[in-house]
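Below: one structure, written as structure tokens.
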Amino acid sequence: MTDTSTTHIIVIGNEKGGTGKSTIAMHLAVKLLLENYRVAVIDLDGRQGSLSKYVQNRRHFCEINHIVLPIPLHYRFEPVADYGDIPSELKKLDDTIRELAQRVDSIIIDTPGHKNYLFEAAHTYADTLISPITDSLVDLSALADIDPANGQLLNPGPYADFVWTVKKQLASKGKSYLNWIVCGNKTTAQRSRNKAYIFEVLDKLGKLYGFRFCSGLKDRVIYRELFLDGLTVLDMQQEQLRRKMNLSHLAAKLEINNLAEFICP
């Protein structure tokens, strides 16, 4: 395991696609950049490349509008087809993280929505692991197998099992604590019995599995709209943009700030 003791590594991971990992990764990166931290992002979901596209859109927006916005260093890895190439790719990832650890204060790693060798490797570098989850019973099944008859916990889900294995690996290498956070993302704004039930279950699971749960980000149109320009809600009142913010935008900005505060109080 690479010695990155002076660099905080944040891994965005969940064994489920469509939970909004790239949105969280980019907003956290910009949040840290605006606070004058040096930040790099690594996109390990290179085939889909949502985070890479986000960064590319941001660069393009700055170029055509002749403005300067903070942009993180960016690296992209795509899974290889030949299993024989995996060891060299893992070494390349390790070398990249080792090199970045000498240059930046934080590395944010966006993982695929399914388990592969890049997904597994990324988790072993985490100081903080953020697992976004929607208010869906389908997403909840990645963390726990719930009895539909009485709502009782039957078994840990596949992702919870995997993180437990990672924790044991990290402990064996001297890292006794993993700051694991499960956060709601793309959740409905309306109150519902289903949402309340899922959040209640997640709060209980956190005590069993060793993660902290926060309500996170709601499903807001602004997050999707800003993607095309590579912007975040944190950019909108910068001197060069001065975009008018409505109540929904201000609420989104508060959500991001609260999430960042929850990660590192």
Side-chain angles (χ1 to χ4, degrees), residues 4-14 19-42 51 54 58 69-72 104-111 122-123 125-135 139 143 163 175-189 191 195-196 198-200 202-207 209-220 222-223 226-227 231-238 241 243 245-265:
T4 58
S5 55
T6 60
T7 302
H8 193 93
I9 299 180
I10 301 173
V11 174
I12 317 293
N14 192 354
T19 57
K21 294 188 293 293
S22 299
T23 297
I24 286 180
M26 191 63 175
H27 276 76
L28 287 178
V30 171
K31 169 69 175 174
L32 292 172
L33 287 167
L34 291 174
E35 294 185 0
N36 297 317
Y37 290 101
R38 299 167 298 169
V39 182
V41 296
I42 299 177
L51 180 58
Y54 212 143
R58 190 173 181 85
L69 294 174
I71 300 176
V104 301
D105 303 301
S106 182
I107 301 171
I108 299 175
I109 304 177
D110 188 22
T111 64
H123 284 71
Y125 293 98
D127 297 306
T128 294
L129 171 62
I130 302 175
S131 301
I133 185 170
T134 71
D135 49 357
D139 281 12
L143 294 176
V163 174
K175 184 183 286 189
S176 59
Y177 175 71
L178 173 64
N179 181 26
W180 184 18
I181 295 167
V182 173
C183 70
N185 196 35
K186 300 169 70 173
T187 60
T188 55
R191 295 181 180 179
K195 179 179 175 180
I198 289 175
F199 281 15
E200 179 183 346
L202 288 171
D203 196 50
K204 292 178 180 178
L205 290 179
K207 297 178 177 64
Y209 298 164
F211 63 76
R212 294 185 295 140
F213 173 68
C214 68
S215 56
L217 314 184
K218 294 184 174 62
D219 187 17
R220 300 183 188 276
I222 186 63
Y223 292 126
L226 291 175
F227 172 82
L231 300 176
T232 71
V233 293
L234 303 175
D235 297 308
M236 296 180 67
Q237 288 188 309
Q238 287 208 56
L241 294 177
R243 294 192 174 185
M245 298 183 73
N246 61 32
L247 290 177
S248 178
H249 300 161
L250 292 170
K253 183 177 180 179
L254 181 62
E255 288 174 354
I256 296 297
N257 288 330
N258 287 344
L259 176 59
E261 179 70 17
F262 193 84
I263 294 169
C264 297

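The model shown is predicted, which means the values in this text are computed figures rather than measured ones. We use all heavy atoms of the structure for the numbers below, so side chains are in, but hydrogens, waters and symmetry mates are not.
The side chain to side chain contact (heavy atoms under 4.5 Å, CB included) test applied to D105 returns Y37, R38, not counting sequence neighbours. For I71, the side chain to side chain contact (heavy atoms under 4.5 Å, CB included) partners at least two apart in sequence or on another chain are V55, R58, R59, C62. With sequence neighbours excluded, the residues forming a side chain to side chain contact (heavy atoms under 4.5 Å, CB included) with F227 are K53, Y54, N57, listed by chain and number. Partners of N36 under the side chain to side chain contact (heavy atoms under 4.5 Å, CB included) rule, at least two apart in sequence or in another chain, do not exist in this structure. Looking at residues two or more places apart in sequence or on another chain, you find a ring-ring contact (aromatic ring centres under 6.0 Å, His included) between H123 and F119, Y159, F162.
Taking all atoms of both residues into account, the shortest heavy-atom contact from L143 to W180 is CD2-CZ2, 4.0 Å. In plain terms, the two heavy atoms of C183 and L259 that are nearest each other are CB-CD1, 4.2 Å. Looking at every heavy atom in both residues, S215 comes nearest to F199 through CB-CE2, 4.0 Å. Considering every non-hydrogen atom in both I263 and I181, the closest pair reads CA-CD1, 3.6 Å.
Expressed to the nearest 0.5 Å, how far OG1 of T128 lies from CZ of F262 amounts to 11.0 Å. A distance of 6.5 Å separates CD1 of I24 from CD1 of I12, quoted to the nearest 0.5 Å. The line from CG of L254 to CG of L247 is 12.0 Å long, rounded to the nearest 0.5 Å. If you take NZ on K253 and CG on L234, they are separated by 6.5 Å, rounding to the nearest 0.5 Å.
By the 4.5 Å heavy-atom criterion applied to side chains, D110 and I42 are not counted as neighbours. Considering only heavy atoms from C-beta on, E255 comes within 4.5 Å of R220 through its side chain. Between Y223 and L217 the shortest side-chain heavy-atom distance falls below 4.5 Å. Using a 4.5 Å heavy-atom cutoff, the side chains of T111 and V11 are in contact. Side-chain atoms of V39 and I108, non-hydrogen and from C-beta on, do get closer than 4.5 Å to each other. In this structure, L28 and I130 have side chains that are in contact, with non-hydrogen atoms separated by less than 4.5 Å.
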Checklist line | Stepwise side chain to side chain contact (heavy atoms under 4.5 Å, CB included) test for C214 and N258 | finding: CA-CA 9 Å; C214 68; N258 287 344; over 6 Å; no
Check: Going through the checks in order, is the side chain to side chain contact (heavy atoms under 4.5 Å, CB included) test met by N179 and L129?
Finding: CA-CA 6 Å; N179 181 26; L129 171 62; over 6 Å; no
Checklist line | Stepwise side chain to side chain contact (heavy atoms under 4.5 Å, CB included) check, H27 with V30 | finding: CA-CA 5 Å; H27 276 76; V30 171; 5.9 Å; no
Notebook entry, point to check: Yes or no on side chain to side chain contact (heavy atoms under 4.5 Å, CB included) for V163 and L178, after CA distance, side-chain angles and deciding distance?
Noted result: CA-CA 10 Å; V163 174; L178 173 64; 4.2 Å; yes
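Distance alone, capped at 3.5 Å, places no donor-acceptor pair between the R212 side chain and the K207 backbone. Checked by atom type and distance alone, the side chain of S248 never pairs as donor or acceptor with a backbone atom of I222 at under 3.5 Å. D235 places a side-chain N or O within donor-acceptor distance of the main-chain N or O of T232, the cut-off being under 3.5 Å. Panel note: side chain S131, backbone N14; no donor-acceptor pair is recorded below 3.5 Å. No donor-acceptor pair under 3.5 Å is formed between the side chain of N185 and the backbone N or O of T134. Of the possible donor and acceptor atoms, one in the side chain of D127 sits under 3.5 Å from a partner among the backbone N and O of I9. Counting only distance, with no hydrogens or angles, the side chain of S106 and the backbone of H8 share a donor-acceptor pair below 3.5 Å. A distance-only check finds a donor-acceptor pair linking the side chain of K175 to the backbone of A126 [under 3.5 Å].
Every pair passing salt bridge (charged side-chain N to carboxylate O under 4.0 Å, His left out) that includes a residue from residues 20-31 is listed here, sequence neighbours excluded: K31-E35.
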